Structures are given as C-alpha cells and as structure tokens.
2 protein chains.
Amino acid sequence: MARPREFDTDAVLDAAMRTFWQRGYDGASLSDLTAATDVGRQSLYLAFGDKQHLYLAALDRYREHFFAPLVAALEQGADVRVTLREALLPILDGSCTDRPAGCMLVAAAADRAEEDPQVRVRVAVAFAGLEEALLEAAQRARIAGLVAHTVDLTGWAALTVATVQGLSVMAAAGTPRATLVRALDTALAVLHP
Amino acid sequence: MARPREFDTDAVLDAAMRTFWQRGYDGASLSDLTAATDVGRQSLYLAFGDKQHLYLAALDRYREHFFAPLVAALEQGADVRVTLREALLPILDGSCTDRPAGCMLVAAAADRAEEDPQVRVRVAVAFAGLEEALLEAAQRARIAGLVAHTVDLTGWAALTVATVQGLSVMAAAGTPRATLVRALDTALAVLHP
DNA sequence: CAGGTTATGGATCGGTCAGTCAAGTATCTA
DNA sequence: TAGATACTTGACTGACCGATCCATAACCTG
C-alpha cells in the first residue's frame, strides 16, 4: 500500500450516478463529472476505468439503490397497488428535489442501450425482474381475493412495466403531473376486483 | 430568381428525419446528415438554417406522416382496438425495415425535450392530441356498446398514451417483441365489454 | 449576351470531447 | 528514514463537433 485515496468511492459514484441520471451519457461530459464528484480526471480514470465503465458502475448503483428496493418490496408480499404508487409518485413530479426526474434505467434504455450491449443487458434484466415480481405479487393478491378474476395477470404485468417506462420518459420530458398520475392510477385500478 | 436547387427539399427532409429518428439529435452529426441526404453542408444550412431548425422540420415531418394519420383514423371513427394495433405493431418489432424502431416523438421527448422548449411543445401537443382522440373514440365505442361500462375512459386514454410511449422506448432499446405485444394487447383488452 | 443572384463544395474556424502523459506529492513498509 | 507505491494535478493530444468563409459554378432576367 501507499498513499490512500482522498475521496470516498461510494460518494463519488453517487455523484456520478446523479450526473448521468440527469444529463444522460453523452450529455454528461468528463468536465461535468469531475465537477460533480470533485475528483480529478486522472483519479476517476484510475478508479473506474473509462467513461463507459463509470457509467455502468453508476447504473448498477442506481439499480441497487432505487430499483431493487421496489422489486424486493413486491417480492416480500407488500400490497401491489400501494407499493407501486409509493415507488412511482416520486418519479413523476419534479417535487422530489433530492433526485432527477424519471428512472435512470429507462433513460439508459432510451439513449444508451442501442450503442452499449452491457447497458442493454442490464436494462432487460432489470425490467424482466420487475415484470416477474409484479406477476407473482398480483397472483398472490388474486389468491387473497384482492384482484378480479377477469384480469389476465401476465398481460397486466407487461402492461404495467410498459406504463412505468412511458411515465418515466414523459416525466423527464416535463409532462404535467396530473396526466401521469391518472395513467398510473388507471393501471392500478385495472386490478380491482 | 437565380440558380435553382439541385435537390428535392421533401426528399432531403425525409432522409434527415430518418437519420435523426434512428440516431437521435446528438447522435446525428452533420456529417451523417450530409451523407444521408447527399446534400452539401452549406446547402443544408442555407435551406434549413442550423441543426436545431433542421431537426424541428424533421420532427414536424414525422408528426405529419406517421403520427397524424393515427390520430386522424381515430377521429374518423375507426375501431379503436384495430387502429391502435395496426399502427403500433410496425413500431414494436424490427421487422419493419423501412423505418427505424420506436416513435420519433418519444425519442425526441427522451433526448431533446429538456434542452429545447420547441421540442417540448411539439411533444406535448402531439400526445395531448392522441389522448383526446383516444378518449373520444372510446366514448363513441362505449355508446355503441363495444366498451365495458366499468372502465374509466379518461384514465384509460392516459394509460394508453403512457403505454404507447413505454413500448416505443423499449422497442428502440431492443426488448423482445413478444413482451411488447402482450402489453399492447392487454391495454386494448381492458376496453372489452 | 451581360449582370445579378443563388447554390455548391471544400477549406477552415474556434470549441469541446474522451482520454493520456508526466511531474509532483503524500503515505506506507521495511 | 529511505525507498517503493499509489494518488493528484494540470497540461496536452488527436479527433470530432457545429458553424462559417470563400471561390466557383449554374441559372434567370433584362
């Protein structure tokens, strides 16, 4: 060992994540990243490799901190409608000032998946996991009599994932909150018995 | 008058539209655009102004040629489910080789709306129009007894727009066709009486 | 045909990008 | 304390970006 790092890797990764989340991959320049992290160019390169790998690490951190908890809550048997609504409302409006609008994984799908296969895989795996968790949670709710028997739950899970993705894009694009919330509530109301 | 243009403005705009559609605003460099249109740099600038205005013109052309026909079909009383399905299926898979995957207006929302207010307005107006057309078409279908009385049509219209946007993003990101079609069909099935 | 006007194509501009290099500095181990 | 090791800093590289300049070519009008 020799001279230790002057920065905290987790904090730097968090700042980088928010920069990518807000501005996208191309929109976040190395200058933006060094400014946001308060870490020099070369130190970033030594610690994380190139820009692509820093982005992948930031995306993994996003999944771990913001996406996985939603999936975990669904898997642990939380109420589908309550869980989804609580998880998504902060995404939909700009009122949540501690984070950028929209879902970073959806943004990654929109502006990075086509060019970077590793991003494509991460996005696909994440949303496949969400869809599966939604399906199983809805099936449990049906057994408990909380969901109508006329709803095709497989289709509903796919529909809900697509809706969440659409809501995320339009939230980041500035669509009025009311429209987004109405769409979300309808998707949840479909389940009503 | 003096020397006339050597190129057809419509054809050039069409090529530029497809280039922006496929690669996004930042991803489409002027070199890409001159290559795709087979028109020189300076000629593009004289004919369309700068890159931003060329993009706006391309976006308007997209709306006119690909988006407006869907809205018009809905307004003219075509069957909601059939019209939506026919319009969206070509977007969802890569099998439609005559155009890039996904909806250009959704792509514009994702990667350009935040920076360009004119793009934001165009996106908002277009999807507000789609939502209104969907609502009115569903209301007419309900009167004709083709739609269940238990569905909140206002919410369904908002939900469907969000779903379409989500499908578009994930189609462009390479999500398997089957998942996308299932989500679309479920959104349409919600209307069933 | 002459004069004016516009389109074209190539060279080039300043600026920014991701990424690298090298010199200096701080810390650990022996 | 000496030397090895690793981090930091800032200047720098080549490539590409959007945009502009300019000389030339093509066309219309009078």
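Since the structure is predicted, the reported quantities are computational estimates derived from the model, not experimental observations. Chain letters run A, B, ... following the sequence lines, proteins first, then strands; residues in each count from 1.
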| Checking only heavy atoms, does the side chain of Arg41(A) share a donor-acceptor pair with the base of dG19(C) at less than 3.5 Å? | yes

| said: Can you tell me whether the side chain of Gln42(A) and the base of dC7(D) have a donor-acceptor pair closer than 3.5 Å? | reply: no

| Touch class at under 4.0 angstrom, heavy-atom based, for Phe7(A) against every strand present | sugar-phosphate

Can you measure [X] atom [atom1] to [N] atom [atom2] for me and round it to whole angstrom units?
X	N	atom1	atom2	answer
Leu44(A)	dT20(C)	CG	P	13 Å
Leu46(A)	dT5(D)	CG	C1'	13 Å
Leu54(B)	dA19(D)	CG	P	10 Å
Asp26(A)	dC17(D)	CG	C1'	12 Å
Gln52(A)	dG19(C)	CD	C1'	14 Å
His53(B)	dA19(D)	NE2	P	10 Å
Glu115(B)	dG18(D)	CD	P	13 Å
Tyr45(A)	dC21(C)	OH	C1'	14 Å

| task | Answer yes or no: is there a donor N or O on one side and an acceptor on the other, between the side chain of Asp60(A) and the main chain of Arg63(A), under 3.5 Å? | result | no

| query | Counting distance only, does the side-chain N/O of Trp156(B) pair as donor-acceptor with the main-chain N or O of Ala187(B) below 3.5 Å? | reply | yes

| query | Looking at dG19(C), dA19(D), dT8(C), which one has an atom nearest to any side-chain atom of Asp50(B)? | reply | dA19(D)

| remark: Looking only at dC21(D), dA18(C), dC17(D), the nucleotide nearest the Ser31(B) side chain is dC17(D)

| message | Quick check: Trp21(B) with Phe66(B) (ring centres under 6.0 Å apart)? | response | yes

| message | Please report whether the ring centroid of Phe67(A) lies less than 6.0 Å from that of Phe127(A). | response | yes

| field | Along DNA chain C (nearest heavy atom to each residue), the more 5'-positioned of Asp38(B) and Leu30(A) | value | Asp38(B)

| task | Using the salt bridge (Lys or Arg N to Asp or Glu O under 4.0 Å) rule, pick out the option among Lys51(A), Arg18(A), Arg41(A), Arg23(A) that qualifies with Asp32(A). | result | Arg23(A)

| Phosphate contact (dT8(C) OP1 or OP2) by Ser43(B) side-chain N/O below 4.0 Å | yes

